[in-house]
Amino acid sequence: MEQQAITLREEFVKSIDGKDFVLYAGLLDLAHQMGLLSIQVELIQFPGDDNHHTAICKASAHAKGGPVYIDIGDANPLNCNSKVGKHLIRMASTRAKARALRDLTNIGMTCLEELGDADDVASNHAPYGASAGAPKHNVATPQPKADRQPGKGPVYPMTDAQRRAILTTSKRRGIDEVVLDDLVKRVIGSAARFDTLSTRDASTMIQFIGSATAEEIHGHTTEAA
């Protein structure tokens with residue numbers, strides 16, 4: 001019996017304003033064709049006042065005979081519309097799963113469900129791990145540490161889950177320890193160190209590393225040097 005070819009069916013591709021987007025259902029269907037064994041999601045950051053109400057989830061997808069693909073997704077009131085903004089954890093989970101499945105299935109198109117709003121289609125350029133719908137450079141150029149107001153609420157140390165997320169995402173982006181240290185100093189502040197990041201600053205680093213382009217990462221490290 002001839003084995004059926006693994007294909008992404010046309011019904012799972014939606015064209016909007018001349019740009020093609022894959023539906024989450026299509027990624028899932030393709031992954032099952034490839035022998036999907038499991039897809040798991042871990043909430044690594046609960047949205048709150050100390051992290052700009054940003055939910056961050058980590059998803060891992062594993063198909064028969066292949067490696068485990070891991071990626072993260074974030075959602076906050078700035079990169080979601082008002083309706084989706086009421087379900088930040090669910091949106092972060094969807095984005096994380098979609099990105100992991102896109103790696104597993106080798107699909108370069110942005111998943112439509114990753115977008116925060118239909119209006120984001122016009123400006124979407126799908127950089128690696130970018131939060132669709134976020135204002136341009138919202139994460140890549142975070143507010144300088146000196147401009148923050150530390151007196152507003154307690155400061156908590158980075159959680160183990162945040163540490164793992166930063167190290168895992170850095171490894172997948174080809175960022176070694178030296179480059180990571182340079183990025184922390186540039187993004188958070190010249191006196192900042194990775195081992196002493198707060199939960200808020202760790203959240204900023206997770207979003208930056210996940211969404212910045214290679215040029216932005218190298219640009220930051222060049223400036224830091």
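None of the values given here were measured: they were computed from a predicted structure. Throughout, residue positions are numbered sequentially from 1 according to the sequence presented.
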Review point. Is Ile89 isolated, or which residues cluster with it under the ILVMFWY side-chain rule of less than 4.5 Å, directly or via members?
Key: Leu43, Phe46
**Study point:** Any Gln45 side-chain heavy atom under 4.5 Å of Lys58 side chain
**Key:** no
Exercise for review: Kindly determine whether Asp71 and Thr169 satisfy side chain to side chain contact (heavy atoms under 4.5 Å, CB included), including the steps that lead there.
Suggested key: CA-CA 7 Å; Asp71 214 322; Thr169 310; 5.5 Å; no
Review point. Any side-chain heavy-atom pair from Val22 and Thr110 closer than 4.5 angstrom?
Key: no
Exercise for review: Give, for atom OG of Ser170 and atom CD1 of Ile206, the distance between the pair rounded to the nearest 0.5 Å.
Suggested key: 9.5 Å
Point to revise | Pairs touching residues 26-38 that satisfy side chain to side chain donor-acceptor pair (under 3.5 Å), sequence neighbours left out | key: Arg9-Asp29, Asp29-Gln33
Review point. Does Asp201 use its side chain to pair, donor to acceptor, with the backbone of Thr204 at less than 3.5 Å?
Key: no
Exercise for review: Show your reasoning for whether side chain to side chain contact (heavy atoms under 4.5 Å, CB included) applies to Thr199 and Met158.
Suggested key: CA-CA 4 Å; Thr199 54; Met158 170 175 57; 5.5 Å; no
Exercise for review: Can you see which heavy atom on Arg95 is nearest to which on Ala75, and at what distance?
Suggested key: NH1-CA, 3.8 Å
Practice item. Output yes when Arg102 and Glu114 qualify as a salt bridge under the 4.0 Å nitrogen-oxygen rule, no when they do not. Key: yes
Check your understanding: Which atom pair, heavy atoms only, marks the closest approach of Ala96 to Cys57?
Key -> CB-O, 3.5 Å
Exercise for review: Would you indicate whether the side-chain heavy atoms of Ile70 and Thr168 approach each other to under 4.5 Å?
Suggested key: yes
Review point. Nearest 0.5 Å, what's the CG-CG distance between Leu112 and Asp20?
Key: 11.0 Å
Check your understanding: Once you round to the nearest 0.5 Å, how far does NZ of Lys185 lie from OG of Ser190?
Key -> 9.0 Å
Review point. Looking at side-chain heavy atoms only, is the closest gap between Arg200 and His52 below 4.5 Å?
Key: yes
Check your understanding: Can you list the steps and then say if Met205 with Val184 is a side chain to side chain contact (heavy atoms under 4.5 Å, CB included)?
Key -> CA-CA 7 Å; Met205 288 306 303; Val184 168; 3.9 Å; yes
Practice item. Apply the side-chain contact (heavy atoms from CB on, under 4.5 Å) test between His62 and each candidate in Leu104, Val68, Leu36, Ile39; give the one that qualifies. Key: Val68
Practice item. Before giving the answer on side chain to side chain contact (heavy atoms under 4.5 Å, CB included), spell out for Phe12 and Leu30 the whole-Å C-alpha distance, their side-chain angles and the decisive distance to 0.1 Å. Key: CA-CA 10 Å; Phe12 293 127; Leu30 193 59; over 6 Å; no
Review point. Which pair of non-hydrogen atoms, one from Ile166 and one from Leu197, has the smallest distance, and what is that distance?
Key: CD1-CD1, 4.2 Å
**Study point:** Thr54 and Asp74: side chain donor to acceptor below 3.5 Å
**Key:** no
Practice item. Check whether more than 12 heavy atoms from other residues, nucleotides or ligands sit under 6.0 Å from atom CG of Asp176, and answer yes or no. Key: yes
Check your understanding: If two hydrophobic side chains count as joined below 4.5 Å and joins carry through other members, does Val13 share a cluster with Leu101?
Key -> yes
Review point. Do Val41 and Met91 belong to the same hydrophobic cluster, where Ile, Leu, Val, Met, Phe, Trp and Tyr are linked whenever their side-chain heavy atoms lie under 4.5 Å apart, directly or via other members?
Key: no
Practice item. Determine, for Glu113 against Lys97, whether the closest basic-nitrogen to carboxylate-oxygen distance falls under 4.0 angstrom. Key: no
Check your understanding: Quick one: are Leu88 and Arg90 in side-chain contact, heavy atoms under 4.5 Å?
Key -> no
Review point. For the residue pair Leu8 and Gly26, what are the closest heavy atoms and their distance?
Key: CD1-O, 3.8 Å
Practice item. Mind listing the closest non-hydrogen atom pair of Ile209 and Arg173 along with its distance? Key: O-NH1, 2.8 Å
Study note, to complete from the structure: Looking only at heavy atoms, the pair that brings Ser203 and Gln162 closest together is N-NE2, 3.8 Å
**Study point:** Nearest-0.5 Å distance, CG of residue Leu28 to SG of residue Cys111
**Key:** 10.5 Å
**Study point:** Same cluster (ILVMFWY, side-chain, under 4.5 Å), Tyr24 and Ile6
**Key:** yes
**Study point:** Exam field: side chain Asn51 to backbone Gly48, donor-acceptor pair closer than 3.5 Å
**Key:** yes
Review point. Crowded around Glu10 CD? As in, over 12 foreign heavy atoms under 6.0 Å?
Key: no
Study note, to complete from the structure: Output for pair (Ile188 CD1, Phe208 CZ), nearest 0.5 Å, gives 9.5 Å
Review point. Atom OG1 of Thr105 and atom OH of Tyr69: how far apart are they, to the nearest 0.5 Å?
Key: 9.5 Å
**Study point:** By salt bridge (charged side-chain N to carboxylate O under 4.0 Å, His left out) - contacts of Asp195 (at least two apart)
**Key:** Arg163
Review point. With distance as the sole test, does Asp181 use its side chain to make a donor-acceptor pair with the main-chain N or O of Val178 at under 3.5 Å?
Key: no
